[in-house]
Amino acid sequence: MNKNKFPKGFLWGASTSAYQVEGAAYEDGKKKSQQDILNEEYYNKYGFATAEIASDHYHHYKEDIALMKEMGFTTYRFSISWSRVFPDGVGEVNLKGIEFYHNLIDELLANGIEPIVTIYHYDLPWALIEKYNGWLNRQIVSDFEYYARYIITEFKDKVKYWTTINEQSIIVQYWTKKNYIPEELRSDDQLRYQANHYMNLAHAIACKLVHEIVPGGMVGSAIGYSPVYPLSSRAEDVMAAQNANDLHNTYYLDIYFKGIYTKSAMTYLESNGLAPIIEPGDMELIKEGESDFLALNYYLSECAKACSNDGQRRFMGVNITGVKGAIDGFERQPGFYQMCKNPNLDTNDWDWPIDPTGLEYILRDIYTRYNKPLMITENGLGAYDEFTSDGKIHDLYRIDYLRNHIKSVKKAIDYGVEVIAYCPWSAIDLLSTTNGVKKRYGLVYVDRTDEDAKECKRIRKDSFHWYKKVIESNGENLD
Ligand code: BGP
């Protein structure tokens, strides 16, 4: 075993997404995305920051890249905002938007940082919601192609690594948080899987485009992936965990790597009236969209137990308040599985279980099944950080979390898994998808609150200095 060594040329960096970090939501020609609207709703309901300023990365990108360089990043994963490039979703391109991404990418390349670009990270142009309800309508597939073709062509000589759609499985679970869904359609669960089918088509198209347009380009999906453990060793619970893994995880990976829908998961969906309508030619297209790698977003593991046939279906709950234990329920698929709390794991304040071993487990499991290179494009701890009187942020809990997860990556590599990148979430503090800016993930502190955007001053956290040493030693020094 090649104990404790990351391969030479291993990509070290961190991640962000456009709407969570950029701000400048209505500047230089950008129009609204569905996330601008959803976050306005969170502001009105809970007082969370909107996406209007976020971390103001649009105006601070040079400083942010300088900080990345200081940490020794060799990669940076970020997304392009569709509504900055095409404010109306399709049609006329916004040259100012394109200019921003050229500047950003040029700055990265000048600093020796390899860009990993996500084509779509939750922020669909609002214009396409107004036109036809976005991902609920098949028209989205050709509009996505229009957008993807444009940006892939535009950046083909500068960007080698592309990820297609961020976290399809999470979009299905947290349906109304990641999409604007009109009130009257929210209870129609079949639409979740229908929209996912359109995303599968869009993903396949993007894979084909990268292979066709980008010299030496590599492409894959970025999936939010949590292993599901059985609550007990009772055979019924083990079976329930298998069911949950099939519907939550394999249902997506089989599409990316085998071009098929997992039989057991599809059978369950069909017998419950949830299966997507598949048109002639769809599965052929999906097969043609080959992935070169899988990008994994790993935060937590889940737990399942047997579930009776009766009772209501429900999807995963969220904890809005950031008080441990306030999660508003777990997913339940009658006759298939009931998700539940894992009594063996501690959680963060938003009820996300902390499980470094789960990362080794999925890396080994996925590599064994699909034999493709893996990237970690998200992994991190959402926490309340304190800006202390010494002008610092002593986020030792974050260091601990990242250290233990990097150890797990190492172990998986020792067992022969091909991992090519590690990008924790997030490079700098940013807007959480459902919890405002007080739930922080960054290696760099952004001085703002939900109530007051202030100057968004950047401050190095203790985790910044620690991660710098990790990168310097190519993952050998984790102290
Ligand atoms: C992933 C998303 C990210 C990110 C992260 C943390 O699911 O890809 O966009 O935000 O989770 O989640 P949250 O912001 O809800 O804490």
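Whatever order the structure lists them in is the order used to number ligands and atoms, beginning at 1.
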For residues S79 and A18, report the shortest heavy-atom separation together with the two atoms involved. OG-N, 2.8 Å
Look at the side chain of D349 and the backbone N and O of G322, then say whether any donor-acceptor pair between them is shorter than 3.5 Å. no
Could you see which bit of N166 sits under 4.0 Å from ligand 1, with heavy atoms only: side chain, backbone, both or neither? side chain
Considering the heavy atoms of T434, write down every atom of ligand 1 situated less than 4.0 Å from one of them. 15 (O)
Do we see a donor-acceptor contact under 3.5 Å between the side chains of S301 and D355? yes
Is W350 near ligand 1, meaning one of its heavy atoms is under 4.0 Å from it? no
For ligand 1 and E378, I'd like to know whether there is a polar contact (N/O to N/O, distance under 3.5 Å). yes
For residues V228 and Y337, determine if any side-chain heavy atom of one lies less than 4.5 Å from a side-chain heavy atom of the other. no
Heavy-atom side-chain proximity of Y174 to T433 below 4.5 angstrom: no
Is the closest side-chain donor-acceptor distance between N166 and Y122 under 3.5 Å? yes
By number and element, which atoms of ligand 1 are closer than 4.0 Å to a non-hydrogen atom of Y122? 2 (C), 7 (O), 8 (O), 9 (O)
Closest protein heavy atom (residue, atom, distance) for atom 5 (C) of ligand 1: Y299 OH, 3.1 Å
Between W352 and ligand 1, which residue portion shows a heavy-atom distance shorter than 4.0 Å: side chain, backbone, both, or neither? side chain
For atom 14 (O) of ligand 1, grab the closest protein heavy atom and report residue, atom and distance to one decimal in Å. T433 N, 2.7 Å
Give the atom numbers and elements of ligand 1 that come within less than 4.0 Å of a heavy atom of S432. 13 (P), 14 (O), 15 (O), 16 (O)
Nearest protein heavy atom with distance in Å, relative to atom 7 (O) of ligand 1: E167 OE1, 2.4 Å
Are any of the heavy atoms in H121 under 4.0 Å away from ligand 1? yes
Give me the ring orientation class for H405 and Y298: parallel if the planes are under 30° apart, tilted from 30 to 60°, perpendicular past 60°. tilted
For atom 10 (O) of ligand 1, the protein heavy atom that lies nearest, with its residue and separation: Q20 NE2, 2.9 Å
Taking the six-membered ring of F315, is the NZ or CZ of R192 close enough (under 6.0 Å from the centre) and on axis enough (within 45°)? yes
How far is atom 6 (C) of ligand 1 from its nearest protein heavy atom, and which residue and atom name does that atom have? Y441 OH, 3.4 Å
Polar side chain donor-acceptor pair, T50 to N39, under 3.5 angstrom: no
Within reach of ligand 1, part of S17 (heavy-atom separation under 4.0 Å): neither
